[in-house]
Undergrad: 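So that we are looking at the same thing, I have put the structure below in structure tokens.
Computation of the quantities below employed the complete heavy-atom set of this structure, encompassing side-chain atoms and omitting hydrogens, waters and symmetry-equivalent molecules. Predicted, not measured: the structure shown is a model, and the values here were computed from it. All chains are named by letter (A, B, ...) in the order of the sequence lines, taking the proteins before the strands, and each is independently numbered beginning at 1.
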There are 2 protein chains.
Amino acid sequence: MNFPKRKQKIIEQLSQTGEVDIKQLAAELNISEITARRDLNQLAADGLLYRTRGGATKVNPHEKPHSFVNKSAQNAAVKDAICRRAASQISDGDIIFMDCGSTVFRLCQFIKNKKIKVITNSLPVVYELQDSAVSVNIIGGELDKERQAVHGTTAIEHIQKYRATKAFLGVDGISEAGLFANSEHEASITTAFAASSAFTYILCDISKISKETYLNFAGLDIINAIITNADPERLKGFKESGIVILKADI
Amino acid sequence: MNFPKRKQKIIEQLSQTGEVDIKQLAAELNISEITARRDLNQLAADGLLYRTRGGATKVNPHEKPHSFVNKSAQNAAVKDAICRRAASQISDGDIIFMDCGSTVFRLCQFIKNKKIKVITNSLPVVYELQDSAVSVNIIGGELDKERQAVHGTTAIEHIQKYRATKAFLGVDGISEAGLFANSEHEASITTAFAASSAFTYILCDISKISKETYLNFAGLDIINAIITNADPERLKGFKESGIVILKADI
DNA sequence: TCATTATTAATCATAAACGATCAAAAAGAA
DNA sequence: TTCTTTTTGATCGTTTATGATTAATAATGA
């Protein structure tokens with residue numbers, strides 16, 4: 001058992017239990033206590049843990065692990081159907097905005113070979129389009145680790161400098177009262193994208209339709225179309241407000 | 001059994017079991033231990049594995065969803081020594097710039113628990129810092145897929161809006177004539193970072209010292225310090241220009 | 001307060017691994 | 001073939017990782 005391997009084990013246990021004990025470490029890794037001690041000293045010197053008497057603890061004990069839950073795999077079939085419909089709206093030469101919605105993310109797989117420019121604040125989108133024909137432009141600014149996306153005033157200013165032919169955005173809820181979001185950050189990004197885009201699509205599955213949650217940040221007038229799997233019958237109200245309804249058949 | 005064939009076998013076993021042992025390798029491939037040692041050293045210099053005493057281990061112990069092709073694993077030991085020295089210059093509260101240099105990338109592992117802000121144009125840096133205590137700010141603009149970093153006029157303007165206490169940057173070459181880069185994009189980013197930072201460190205291993213390549217984009221006056229593993233004796237000229245030399249002891 | 005105990009740093013010892021150097025063998029070029 | 005270059009192996013002094021020992025230091029409790 002060499003140092004890199006031990007280091008890995010130590011860091012692993014530390015992140016799980018929050019602390020390690022020299023005696024227990026020595027026993028577990030089949031090394032002498034002094035070697036365990038030396039390992040911990042080395043890792044402490046590199047700032048990877050805090051040395052305590054007889055062991056070590058995490059540097060940031062109360063730090064909540066930024067858990068980016070990738071919701072995009074939930075109801076993948078429905079989301080893919082919506083995204084296929086969305087991708088069919090995109091032609092070569094388009095400049096498109098994509099936000100950090102979980103449905104929007106699944107659009108990536110369908111546009112990899114298109115000759116378009118994508119402007120996005122979503123890191124997963126950037127990663128996914130890394131090996132693609134698409135030219136990528138990243139919105140700059142502060143990174144929201146939980147959402148894996150960029151937000152803040154710098155991001156807004158950045159968006160305002162660009163103009164897109166189409167925007168593909170997600171929302172936390174949409175009703176005849178307009179668009180709803182669970183965070184102000186997300187709301188301002190959505191508003192900025194919509195304002196700088198010639199045509200704005202909202203991608204949402206049936207669970208978001210008629211859902212009113214937290215912040216009603218904009219009216220329906222800032223968007224042009226909804227792509228969803230919901231029955232168009234349920235969407236009559238939107239149609240009457242001039243919104244184009246595109247049904248994704250599953 | 002020639003080197004390319006052995007290399008393939010070694011990499012294969014490494015990806016399966018995560019580690020190789022020199023004795024076992026020598027026996028298995030019918031070569032002497034010293035040849036096995038030489039093979040591993042070669043592969044370590046190329047960044048294909050990490051050398052340990054008596055063997056080698058994988059570069060990426062856990063499979064990550066996205067992998068960045070990275071020169072940063074090449075000569076990892078030297079780069080780590082430089083980065084340890086660099087990390088020791090960083091205190092909580094600092095706002096630091098990091099560019100897309102391969103040495104700079106390895107600084108991430110030593111700053112994960114620091115309470116600092118990092119502003120960067122490098123995607124691998126962003127990815128590496130996503131589960132850290134560090135607050136991350138991404139430079140916005142066009143993504144250079146080859147370098148996995150953001151560049152362009154938007155990026156420059158973004159950088160100019162921020163002020164950092166320290167910048168940690170890489171170069172393709174440095175001599176008493178100044179800084180050298182292999183691309184204009186990279187040069188302009190480096191210049192912008194240095195201009196907006198109170199103190200600028202260049203991280204470079206000995207191979208970059210006195211190397212003059214392609215574009216001499218700036219004089220030594222835009223930087224404040226060099227962190228390197230090169231012998232300070234060779235760096236007298238820099239010292240006379242008022243550059244602080246920090247020797248990384250390996 | 002002091003005494004007891006556990007932990008640590010410092011020092012040393014040892015075996016394994018290492019780099020440097022040179023020689024032999026293999027491969028390639030003239 | 002002969003010469004040169006590259007690869008491989010052997011030898012040997014040096015370095016490194018590890019563990020044992022012991023004195024110093026810090027925590028704990030009476």
Undergrad: Got a second to check how far B:Leu235's CG is from B:Ile243's CD1, nearest 0.5 Å?
TA: 10.5 Å
Undergrad: Would you kindly say whether B:Gln109 and B:Glu128 are connected by a side-chain donor-acceptor distance under 3.5 Å?
TA: no
Undergrad: Filter on side chain to side chain donor-acceptor pair (under 3.5 Å), then keep only pairs touching residues 214-230 of chain B, sequence neighbours left out; what's left?
TA: none
Undergrad: How would you list, by chain and number, every residue that makes a salt bridge (Lys or Arg N to Asp or Glu O under 4.0 Å) with A:Lys117, sequence neighbours excluded?
TA: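 Listed in chain order: nothing, the list is empty.
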Undergrad: Mind calculating the distance between CD1 (B:Ile31) and C1' (C:dA26) to the nearest angstrom?
TA: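 For the pair B:Ile31 CD1 and C:dA26 C1', the rounded distance is 16 Å.
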Undergrad: Within the structure shown, what part of the strands sits under 4.0 Å from A:Asp39 by heavy-atom distance: base, sugar-phosphate, or nothing?
TA: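 No contact.
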Undergrad: Contact list please: residues 5-28 of chain B against DNA chain D, heavy atoms, distance less than 4.0 Å, in numerical order.
TA: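 B:Arg6, in order of number.
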Undergrad: For A:Ser32, enumerate each residue passing the side-chain contact (heavy atoms from CB on, under 4.5 Å) test, keeping only those at least two apart in sequence or located in another chain.
TA: A:Ile34, A:Thr35
Undergrad: Among all residues two or more places apart in sequence or in another chain, which pass the salt bridge (Lys or Arg N to Asp or Glu O under 4.0 Å) test with B:Glu240?
TA: none
Undergrad: Give me the residues of residues 42-54 of chain A where at least one heavy atom lies under 4.0 Å from an atom of DNA chain C, by number, or none.
TA: A:Arg51, A:Thr52, A:Arg53, A:Gly54
Undergrad: Need two values: the first and the last nucleotide of DNA chain D, 5' to 3', having an atom under 4.0 Å from any heavy-atom of chain A.
TA: D:dT18 to D:dA27
Undergrad: In whole angstroms, how far is the C1' atom of C:dC12 from the CZ atom of A:Arg38?
TA: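 In whole Å, C:dC12 C1' lies 11 Å from A:Arg38 CZ.
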Undergrad: Can you find a pair of side-chain heavy atoms, one from A:Gln13 and one from A:Glu19, that are under 4.5 Å apart?
TA: no
Undergrad: Extract all donor-acceptor atom pairs below 3.5 Å that involve side chains of residues 87-96 of chain B and protein atoms in other chains or at least two apart in sequence.
TA:
residue: B:Ser88; atom: OG; partner: B:Arg85; partner atom: O; Å: 2.6
residue: B:Gln89; atom: OE1; partner: B:Tyr201; partner atom: OH; Å: 3.2
residue: B:Asp92; atom: OD1; partner: B:Lys115; partner atom: N; Å: 3.1
residue: B:Asp94; atom: OD1; partner: B:Thr165; partner atom: OG1; Å: 2.9
residue: B:Asp94; atom: OD2; partner: B:Ser91; partner atom: N; Å: 3.0
residue: B:Asp94; atom: OD2; partner: B:Lys166; partner atom: NZ; Å: 2.7

Undergrad: Return the value, rounded to whole Å, for the distance between atom CD1 of B:Ile34 and atom P of C:dA20.
TA: 11 Å
Undergrad: Scan residues 1-11 of chain B for pairs that pass side chain to side chain donor-acceptor pair (under 3.5 Å), counting only residues two or more places apart or in two chains.
TA: B:Arg6-B:Asp39
Undergrad: So, using side-chain contact (heavy atoms from CB on, under 4.5 Å) as the criterion, who are the partners of B:Val126 when residues are at least two apart?
TA: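 side-chain contact (heavy atoms from CB on, under 4.5 Å) list for B:Val126, sorted by chain: A:Leu123, A:Tyr127, A:Leu143, B:Thr120, B:Val136, B:Ile138.
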Undergrad: Looking only at atom types and distance, does a side-chain atom of A:Asp172 sit under 3.5 Å from a main-chain N or O of A:Asn182, one as donor and one as acceptor?
TA: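 Yes, because the side chain of A:Asp172 sits within donor-acceptor range (under 3.5 Å) of the backbone of A:Asn182.
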Undergrad: Verify the contact: side-chain N or O of B:Asn41 to OP1 or OP2 of C:dG19, cut-off strictly under 4.0 Å; return yes or no.
TA: yes
Undergrad: Do B:Lys79 and B:Asp205 come within less than 4.5 Å of each other through their side chains, counting heavy atoms only?
TA: yes
Undergrad: Could you pull out all residues at least two apart from B:Glu157 that satisfy salt bridge (Lys or Arg N to Asp or Glu O under 4.0 Å)?
TA: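 Salt bridge (Lys or Arg N to Asp or Glu O under 4.0 Å) list for B:Glu157, sorted by chain: A:Lys161.
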Undergrad: How far does the helix from C:dT1-D:dA30 to C:dA30-D:dT1 bend, going by the axes of its first and last five pairs, to the nearest 10°?
TA: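 That helix has its two terminal axes inclined by roughly 30°.
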Undergrad: Can you tell me the distance, in whole Å, between the CG atom of B:Asn2 and the P atom of C:dG28?
TA: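 It is 10 Å, rounded to the nearest whole Å.
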